[in-house]
Structures are given as C-alpha cells and as structure tokens.
Amino acid sequence: MAFIVKKKIKGNEYYYLNENKRVGGKVKTKTLAYLGKTRKDAEKKMKEILSKTDAKEEKEFNQTKVSIEDLATFCKRKGFVYPSGEIYGGLAGFWDFGPLGVELKNNIKREWWKYHVYQRRDVVGIDGSIITNPKVWKASGHVDSFSDVFVICVKCKKPSKIDKAELGKAKCDFCGGDFDEKTAREFKLMFKTLVGEDTESYLRPETAQLIFANFKSVYENARMKLPFGIAQIGKAFRNEIAPRDFIFRSREFEQMEIEYFIKPNEKCNFEIPNEEILIYSAEAQEKNQNPEKMKISDALKKGIIKKDWHAYWLAIEFKFFKEFGANPENFRIRQHKKDELAHYSSDCWDLEYNFPFGWKELEGIADRKDYDLSQHEKFSGKDMKVFDEESKEKILPHVVCEPSLGVERAFLVFMFDSYFHDKKRENIILKLHPKLSPIKAAIFPIVKKPEFEKIAKEIYEMLRENWNILYDESGSIGKRYARNDEAGTPFCITIDEKTLENKTVTIRDRDTAEQIAIKISELNDALKKAVDGENILKFGKKVDTRKK
Ligand code: GAP
C-alpha cells in the first residue's frame, strides 16, 4: 500500500510517495517518487502515479497468436477493413476502412497528435497537399532515386521488390527460390498524375517534403525557436511492386511524421525516458550477433546509439506504443546497415515489431541532417536559413530525427496485441486501450419494453454527446456482450428492473466480465475517467452476476 510522507529538510517541507513491503518476514519502506512541496500537489501527483501503476498491473499480455490472414478475415467480418472496391474484385494494395476501422484509425491518429503535438511545447503541426509542384520531388531526390529493384522468382514466377544491395543474395519470400537476375530492373515508386491538361506531377510518396518546403513559413508564423519539430498526418502513395501482408505494405497508406530541427551539433536537453528494449546495432547484425536487451540511455552511454537525440526519440516512440497498451516484448530497435540507408539519411534506427511474418519495420527514425533544406534552397533559390540569436549568424537547421510511422502498421500492432480468444466465453475479445476502442460503450435495455427503452435511449443520447456510443437491443444479453467484446467495446451498460427502482444501471467490464451498479447521475464522470484508463470497477458497487 502506497502512502504520502512529509520530510523537513533545512526548514523546507518535501513530500514523497512511500510503500511498505514485507521482505523475508520484515516490513521494509521504499520511496517510490518525489511528490512536490505541498500536500495538494502531493495528493494530485500520487493519484496520477497510482492510476498509471494500476493500469499497468492489470494489463496482462495474454494476446492470442493469430496469422495475418486470420486477422484480415476477422477485420472484414467485423467491419474494420475491406479490400477496396471488392464488388469489382478489389485492387492489390488498396483497402477501405469500415465503421469500426475508421474509428480505430481516427483514434490512433488523435492520440498520436495529442502525444506528439499538444503535450509538447516544441512541436506544431501542418497539413500539406497530396499533389504539389513536381519540383519538390526533383529537389528531394525522389524523382531520381525513389525506386526498388523489380525481380521475378525463377521457381514460382511471382514478382518481388528487393533493395539494390540484395541483388544476387535475396531469396523469394513465397517459395525460397532464386531471383532471375536477367529480369531485374529499376522500378520507380511514385505514382504519376496529370494536373490540368499537361502538367505532370506525382502523388506524394511521403508527407515529409511538405514540411521541408513550408519550413520557413512555419518557423516564422508559429514563432518557433530551435530545437523544434513540425508534425503532419496524411496520405502517402507508393506504387509498391509487391503489396502484401494485408495492410502492412499497401499502395495507399497514411503516415504520421515529425521533422525535428536543431542547430547543427546542438545537444539534446530532454531527459531520455527510462525505457528498456532489445537493441540491434548495425555492427551486431554484421557480426551475426543477437540483439541485446538494455536501457536506451545505456546504449547511448556505450556508444551503440551515437546521438543523444536518436536515443531520446527512440525512447519516446517506444513509450507511445506502451502507453496505449502494446506489449513491450514485441518491440526492438534496429539500426540500418550502411547499404540499407535511404538516399537522404546518414543514420537510421527502426522501431521494429515482431509481426507473425517476422520482425519488420514499424517506424523509421532517420537522421536527415540538412539534406532536405539545402536541396530545397538549391532548387527553389529561396533562403531556408534562420537567424540564430546566440551566435548572431544565419544557420541552416539540421533534421536530427524524423520519427515516421505508418498509421496502418500502428493499427496492426494494436490489433495483434489486443486480440484474445477467450475459451470460456467462446469469442474473441479485443482488449484495446479504451482511448483507442472504436465504440466506448454499448447501451442495452434488458428487454425490448418501452419502460427500459425510454431510459436506455436517454442515456444513449446523454453519452453520445461525448463519445461514439452504440445502442443495441437485439438478441440475448450474452450475444450482445460477445458482439461488443469482438468490437473492443470496453463497457456495456444495461438498463434493467433495478434501474426503474433506484435509477442505477450495471456496467460490465470487457476484460474481466465483472459488473458494477452505478447511479445514472454518476455515469458520465465515471465513463470519462474509465476511457482515460482508470479501472471502471472502482466507480460503483460490485454486482454478483451469479444471482442474476
Ligand atoms: N519520410 C520518411 C519515410 O517515408 P519510410 O521508412 O519510407 O520513411 C516511413 O516510411 C513509415 O511509413 C514506415 O516505417 C511504415 O510505417 C510506413 N510505410 C512505408 N511504406 C509503406 C507501405 N507501402 N504501406 C504501409 N505503410 C508504409
């Protein structure tokens, strides 16, 4: 049990969070955290810390291993994702998001934006266009260099994409066969389009370039000071040679990107979050060694990660996934080997996830130096430099880190890590963090009778002012629970005889199936806290479901 203690040091009061634990028959006191200088601050901070610890301890990573094909089938059955234009046979690499899918996707984007923009003072956002002046893509190097090598397998005849460096070494993913080197050719990845009658342009292959092209205006309008970042979420298009693995590699997808600008050689003043993860350096890969689990800050101290900024952003990005319920054991960070680096990048670490089809890139975090700003300066003739108050000189900022994450890959991670087959209930439970859940609560009148329906509809109207709420009156209560478990709905609210008697409803918690009774007047507040991650069961009186 944790408790607050006050200490007086040199006449000043300081508050700490302590905990007593029995170790080997003796009670030992451990200080868990410093809470501030006033009791009010201390109580507030204690609440925050304990609610986070509660959530952490309750989350069990008991996800069921499921193949990408089975997940795709589940997503289609429940209305998360459909093959695009399926009534005409679909189109490889294009997907449509259904009623549940669009909500999950929007929630991921909203929480990413909150975490990376609203909760930081050093990041602002933009929303650039999908088609822009084609000179942007000439300057960025995409017109000349954004390509893969197209190869055909001699055995199964399927086409694949490989990197130039893999020519002669890579084997076919489908059958393990060799690639026919005679068929190898460069394949440009940008989609071309016509603007007006004859101006050829491209659908953007990354959101990043609009950040660079607008850099100077954003810097001035938002009155930013280095170091700072510009964030953007939006569509990107790549004419992938072999789209595959459901929405993992598609031709139309969304990116959530930040370009983080610093003065050349500026040190990172942020504390590196205390995160431990499997680390796989380029050197370890070349020497055929295994990745090593260690703190990201220790990898920086040991020189495995070269730049403080890189360590900082890797820890921040890993923390994002943990905060929204992903299983940390499924993550590692891997450095690109020299021959893997993109044309603009001098060092790059990927946050990788252990997908059912192997460890794959989830998010790339590249050091782009001043490559992009200097290219745009050269091609546009516009000055991209900013005035540095300290040195009284104009400088061209460097992008020390570019955290770049695909929305669809984040979608897969949250689906895989929350997918759980409950043998007792005989249905799937999607144990999504309530902030990500497509539907926050489902309202059930116990039976279709006007007295129950009236109150149920009133509650539905009240709650849907704030959240996506489902009104569900068809089928047995058991079937309604099962449907909502599979949609990831964290709370099911039932209006029954007791509601008519004493204005209480029951809430059933998705993960434990436990129920509480709560007054209707307290529902809104409780739901708000529970959607933020607090345990719903503490907001009401436990209901013994065996009696029901
Ligand atoms: N601006 C840097 C950039 O675009 P990238 O490594 O090519 O870097 C960044 O892409 C992220 O975009 C990837 O880590 C991945 O999450 C996502 N992504 C890239 N290509 C994708 C594709 N074909 N389908 C789905 N997501 C993709």
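Residue numbers count from 1 along this sequence. Every number for a ligand or one of its atoms is a count from 1 in the order of the listing.
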Distance under 6.0 Å and angle within 45° of ring axis: [X] vs [Y]:
| X | Y | answer |
| --- | --- | --- |
| Arg409 | Phe248 | yes |
| Lys360 | Phe355 | no |
| Arg238 | Phe146 | no |
| Arg185 | Phe150 | yes |

| Neighbouring protein residues of ligand 1 - any heavy atom closer than 4.0 Å |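 Glu206, Ala208, Arg238, Glu240, Phe248, Arg249, Ser250, Phe253, Gln255, Glu257, Tyr344, Glu361, Leu362, Glu363, Gly364, Arg368, Glu402, Ser404, Leu405, Gly406, Arg409.
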| Any side-chain heavy atom of Glu486 sitting closer than 4.5 Å to one from Ile429? |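 Not in contact.
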| Which residue pairs pass the side chain to side chain donor-acceptor pair (under 3.5 Å) test with at least one member in residues 78-87, sequence neighbours excluded? |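 Residue pairs passing side chain to side chain donor-acceptor pair (under 3.5 Å), neighbours aside: Lys76-Glu86, Ser84-Asp96.
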